[in-house]
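Data block below; observations after.
For ligands, and for the atoms within them, numbers begin at 1 and follow the listed sequence.
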Amino acid sequence: LSAAADRFPLPPGSVIGILGGGQLGRMLALAAARLGFETAVLDPAPDAPATRVAAHTITAAYTDAEALVRLAAISAVITFEFENVPAAAVDALTGAGAAVAPPGRALAIAQDRLAEKTFLNEAGAPTVAFAPIDAAADLGPALAKLGHPLLLKTRRGGYDGKGQAWIESPAEAEAVWASVGARAAIAEAPADFIRELSIIAARGRDGELAFYPVAENHHEHGVLRRSVAPARISPKVQAQAERIAATVLTALDYVGVIGVELFERDDGRLLVNEFAPRVHNTGHWTLDGCEVDQFEQHIRAVAGWPLGPTQALARVEMTNLLGAEVDQWRVLAAEPGTRLWLYGKAEARPGRKMGHVNRLSPLKG
Ligand SMILES: Nc1ncnc2c1ncn2[C@@H]1O[C@H](COP(=O)(O)OP(=O)(O)O)[C@@H](O)[C@H]1O
Ligand SMILES: [Mg+2]
């Protein structure tokens with residue numbers, strides 16, 4: 001333990017390991033490089049976006065014990081950008097003597113929607129009412145307790161709205177459960193939100209906390225389309241979001257950046273939808289809207305450096321470039337007040353996140 005504590009703050013030149021080589025890993029690697037660090041990326045795909053900008057790459061499955069030991073051997077600290085890294089991989093790294101941040105517990109909780117909502121409520125962060133669905137026989141009691149409609153979500157593996165379906169009436173409950181694979185699930189009451197918000201926050205190794213301004217988010221077909229930050233909310237709502245994030249970070253003894261997705265209700269109350277124990281798509285606006293963006297903030301936190309400033313220097317509208325939209329790069333590159341971020345993915349499959357643009361405007365107005 002003291003040996004681990006002695007490593008921090010990591011000096012420039014240290015190697016930071018990253019599990020997952022997608023766009024989040026790529027932007028983490030770029031931020032790390034700017035502070036003089038090197039990165040080592042482990043991803044099953046040889047051409048993953050982060051591998052193009054990292055000093056070391058290991059092409060292997062997350063379950064490859066030998067590869068994990070190799071990553072542990074070259075990394076001063078290991079973090080992740082991919083939420084579904086098997087818990088066993090984190091255990092293997094820790095077993096090999098690696099320092100892993102954020103803590104494996106945060107990852108394990110976030111991977112299971114039932115564990116996540118249970119944890120949030122116990123920590124004092126409000127969510128919608130919910131019930132576990134382990135078998136068809138659980139549907140009736142859930143409908144009796146929560147009413148309908150209900151949103152059925154698989155406990156594990158869902159992302160971008162996948163593995164979710166609405167139960168509109170008791171008669172269709174079993175068919176809807178079958179449509180998400182008749183797998184362990186959670187039934188949620190409707191959130192009745194007026195807006196979707198999120199807060200990106202960070203906790204350092206010394207327990208220091210930092211919060212970015214809340215973003216307002218718009219989804220299409222379950223995928224994030226656009227975020228606007230700072231959101232046009234009252235200071236009270238910002239404070240409420242910060243309190244929620246602080247509760248979660250502290251309860252997890254967290255180190256790193258977290259993304260907390262929130263529902264804003266018409267009475268001004270916030271509910272937590274879910275949290276991501278990593279940098280988050282709704283924090284991409286910070287790349288051009290803040291002095292220290294979420295990626296550098298995460299690197300600072302896991303390396304044991306002081307956290308950086310989080311206030312907005314501009315209002316930013318972030319738009320994801322999905323699939324063939326990326327072909328507009330020439331037009332976008334010529335657009336004033338627009339910063340273009342491309343992820344270096346070869347194949348523009350429909351709906352795939354290929355890049356994003358940040359459109360800047362003055363804060364006031
Ligand atoms: N309980 C709910 N009531 C109403 N809408 C919801 C609820 N839960 C999720 N949603 C909607 O579905 C979207 C995706 O759900 P989420 O739980 O965030 O899954 P994912 O892991 O796919 O992001 C949310 O951003 C929100 O728009
Ligand atoms: Mg979500």
Practice problem: Test side chain to side chain contact (heavy atoms under 4.5 Å, CB included) on Arg225 and Leu322 and set out the steps. | Solution: CA-CA 8 Å; Arg225 157 59 57 189; Leu322 304 175; 3.4 Å; yes

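- Checked against the 6.0 Å centroid threshold, Tyr212 and His280 do not count as a close aromatic pair.
- Between Gln111 and Asn84 there is a side-chain heavy-atom pair separated by less than 4.5 Å.
- For Asn273, every heavy-atom contact with ligand 1 shorter than 4.0 Å involves the side chain, none the backbone.
- In the candidate list Gly222, Ala191, Gly157, Ala129, Ala191 is nearest to atom 2 (C) of ligand 1, counting heavy atoms.
- The closest side-chain donor-acceptor pair between Glu216 and His218 falls under 3.5 angstrom.
- Residue Ala189 has at least one nitrogen or oxygen atom sitting less than 3.5 Å from a nitrogen or oxygen atom of ligand 1, judged on distance alone.
- In this structure, the protein non-hydrogen atom closest to atom 27 (O) of ligand 1 is Glu196 OE2, 2.6 Å.
- For atom 20 (P) of ligand 1, the closest heavy atom belonging to the protein is Glu274 OE2, 3.4 Å.
- Considering only non-hydrogen atoms, atom 9 (C) of ligand 1 lies nearest to Lys153 out of Lys153, Lys117, Arg113.
- Of the polar atoms of Gln164, at least one N or O is found under 3.5 Å from an N or O of ligand 1, judged by distance alone.
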Which atom pairs, one a donor and one an acceptor, fall under 3.5 Å between side chains of residues 17-34 and the rest of the protein, sequence neighbours left out?
from: Gln23; atom 1: OE1; to: Lys345; atom 2: NZ; distance (Å): 2.8
from: Arg26; atom 1: NH1; to: Pro49; atom 2: O; distance (Å): 3.1
from: Arg26; atom 1: NH1; to: Tyr343; atom 2: O; distance (Å): 3.4
from: Arg34; atom 1: NH2; to: Asp293; atom 2: OD2; distance (Å): 3.4
from: Arg34; atom 1: NH2; to: Glu296; atom 2: OE1; distance (Å): 2.9

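- Between His298 and Pro102 the shortest side-chain heavy-atom distance falls below 4.5 Å.
- Geometry about the Mg ion (ligand 2) gives an angle of 90° between OE2 of Glu274 and OE1 of Glu261, rounded in steps of 10 degrees.
- Counting side-chain heavy-atom gaps under 4.5 Å among Ile, Leu, Val, Met, Phe, Trp and Tyr, the cluster of Leu270 also holds Ile109, Phe119, Leu120, Leu197, Ile199, Leu209, Phe211, Val214, Ile233, Val237, Ile244, Val248, Leu249, Leu252, Tyr254, Ile258, Val260, Leu262, Val272, Phe275.
- Within ligand 1, the atoms closer than 4.0 Å to a non-hydrogen atom of Gly161 are 20 (P), 22 (O), numbered from 1 in the order shown.
- Counting protein heavy atoms under 4.0 angstrom from atom 11 (C) of ligand 1 gives zero.
- Distances from ligand 1 to the non-hydrogen atoms of Gly163 include no value under 4.0 Å.
- In Trp166, the part holding a heavy atom less than 4.0 Å from any atom of ligand 1 is the side chain.
- In this structure, atom 6 (C) of ligand 1 has protein heavy atoms in its sub-4.0 angstrom surroundings.
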